[in-house]
Amino acid sequence: MRNRLEALGLSNLLSYHYDAQSVLYSTLDEVPASQREKFKVYITSANEFLANLSFFMPHNEQTLIVSDTLSGDGYNVVSPTADETEILAKFEPFFHETCGDDNQIRLTQRETMVLQLVVEGLINKEIADRLNISINTVLTHRKNISAKLGIKSVSGLSVYAIMNGIVSPK
């Protein structure tokens with residue numbers, strides 16, 4: 001976070017929409033070592049993320065980076081100037097649609113099929129034809145996949161699909 005006011009605003013937004021309790025720290029060093037593993041979501045600045053890669057990388061699926069300069073590929077990133085709807089969309093995977101493993105995001109069966117076909121290199125029309133759905137439905141599924149995963153590029157989606165066993169590396 002760039003400042004305490006941003007952190008308080010985000011904390012208020014989360015408590016209002018998700019009934020979430022927030023604990024605010026300026027740096028990872030301020031978090032007691034015994035408490036570092038207990039949080040469902042870690043919200044941090046790009047600088048703090050980069051300064052503590054050894055902590056945040058194993059917690060990548062639980063980490064949201066507030067940055068207007070860092071790319072979102074492979075990371076959950078939200079701009080500090082994003083509107084409320086965009087911010088809440090970034091938090092949706094953290095508070096909904098999780099299965100037994102709190103770190104695993106659940107895609108619907110159809111979203112998983114669309115993701116597999118995207119990774120295979122099919123374009124939207126080909127996916128629509130293969131699944132007997134409209135192109136608009138394909139676009140909606142792709143938008144939902146990107147929102148849930150926080151990944152927009154095909155290469156990022158491919159890495160996610162391989163790392164989560166959705167597709168096999170060739």
Side-chain angles (χ1 to χ4, degrees), residues 1-28 30-31 35-53 55-108 110-112 114-115 118-119 136-164 166:
M1 294 288 146
R2 292 187 299 193
N3 61 52
R4 186 100 174 135
L5 187 57
E6 272 183 0
L8 289 170
L10 193 52
S11 176
N12 187 44
L13 186 68
L14 293 176
S15 67
Y16 179 78
H17 287 279
Y18 295 111
D19 196 28
Q21 292 183 332
S22 304
V23 181
L24 305 177
Y25 296 100
S26 296
T27 66
L28 185 63
E30 292 179 9
V31 182
Q35 301 292 308
R36 287 187 180 176
E37 299 293 328
K38 78 172 206 162
F39 299 107
K40 184 171 186 163
V41 181
Y42 299 91
I43 305 166
T44 186
S45 67
N47 289 341
E48 189 67 16
F49 178 81
L50 294 172
N52 295 285
L53 278 175
F55 175 80
F56 287 115
M57 287 309 292
H59 299 91
N60 189 34
E61 295 291 321
Q62 294 170 259
T63 303
L64 180 71
I65 304 166
V66 178
S67 173
D68 49 7
T69 58
L70 189 64
S71 165
D73 286 343
Y75 304 103
N76 295 313
V77 179
V78 66
S79 170
T81 60
D83 65 21
E84 186 174 334
T85 305
E86 185 179 343
I87 293 169
L88 291 173
K90 285 292 185 175
F91 280 99
E92 186 71 22
F94 295 114
F95 294 102
H96 293 92
E97 306 247 12
T98 57
C99 54
D101 176 2
D102 284 343
N103 296 333
Q104 184 65 39
I105 296 168
R106 178 177 285 164
L107 297 176
T108 66
R110 186 62 92 173
E111 288 168 346
T112 301
V114 169
L115 178 58
V118 166
V119 171
N136 286 337
T137 303
V138 173
L139 292 172
T140 298
H141 286 309
R142 288 187 70 163
K143 183 181 84 172
N144 292 340
I145 292 165
S146 289
K148 286 180 180 181
L149 303 179
I151 303 170
K152 294 181 180 162
S153 71
V154 173
S155 60
L157 291 171
S158 298
V159 170
Y160 174 87
I162 291 168
M163 291 182 69
N164 288 278
I166 295 171

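Because the structure is a prediction, the values reported are computed rather than measured. Note that these values count all heavy atoms, side chains included, but never hydrogens, waters or copies made by symmetry. All residue numbers refer to positions in the sequence shown, counting from 1.
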Using the test side chain to side chain contact (heavy atoms under 4.5 Å, CB included), find all partners of [X] that sit at least two apart in sequence or belong to another chain.
X	value
Val154	Val118, Arg142, Ser158
Thr140	Asn144
Ser11	Ser22, Leu24

So, the side chain of [X] versus the backbone of [Y]: is there a donor-acceptor pair under 3.5 Å, distance only?
X	Y	answer
Tyr160	Ile166	no
Ser146	Lys143	no
Arg110	His141	no
Glu48	Leu28	yes

| request: State which residues pass ring pair (Phe, Tyr, Trp, His ring centres under 6.0 Å) with Phe56; sequence neighbours excluded, sorted by chain then number. | output: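 Result, ring pair (Phe, Tyr, Trp, His ring centres under 6.0 Å) vs Phe56: Phe49.
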
| task | State which residues pass ring pair (Phe, Tyr, Trp, His ring centres under 6.0 Å) with Tyr25; sequence neighbours excluded, sorted by chain then number. | result |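 In terms of ring pair (Phe, Tyr, Trp, His ring centres under 6.0 Å), with neighbours along the sequence ignored, Tyr25 is linked to no residue.
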
To check you understand the geometry: which heavy-atom pair defines the closest contact between [X] and [Y], and what is its length?
X	Y	value
Leu53	Pro58	O-CD, 4.1 Å
Ile145	Leu115	CD1-N, 4.1 Å
Thr108	Glu111	N-OE1, 2.9 Å

Please name all residues satisfying side chain to side chain donor-acceptor pair (under 3.5 Å) with [X], sequence neighbours left out, ordered by chain then number.
X	answer
Ser79	Thr81
Glu30	none
Thr137	Ser134
Thr63	none

| So Phe39 and Tyr42, would you call those rings parallel, tilted or perpendicular, with 30° and 60° as cut-offs? |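 Perpendicular, since the angle between the ring planes exceeds 60°.
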
Spatial distance of atom [atom1] ([X]) from atom [atom2] ([Y]) [nearest 0.5 Å]:
X	Y	atom1	atom2	value
Ile87	Leu13	CD1	CG	6.0 Å
Leu107	Thr112	CG	OG1	4.5 Å
Glu61	Asn76	CD	CG	6.5 Å

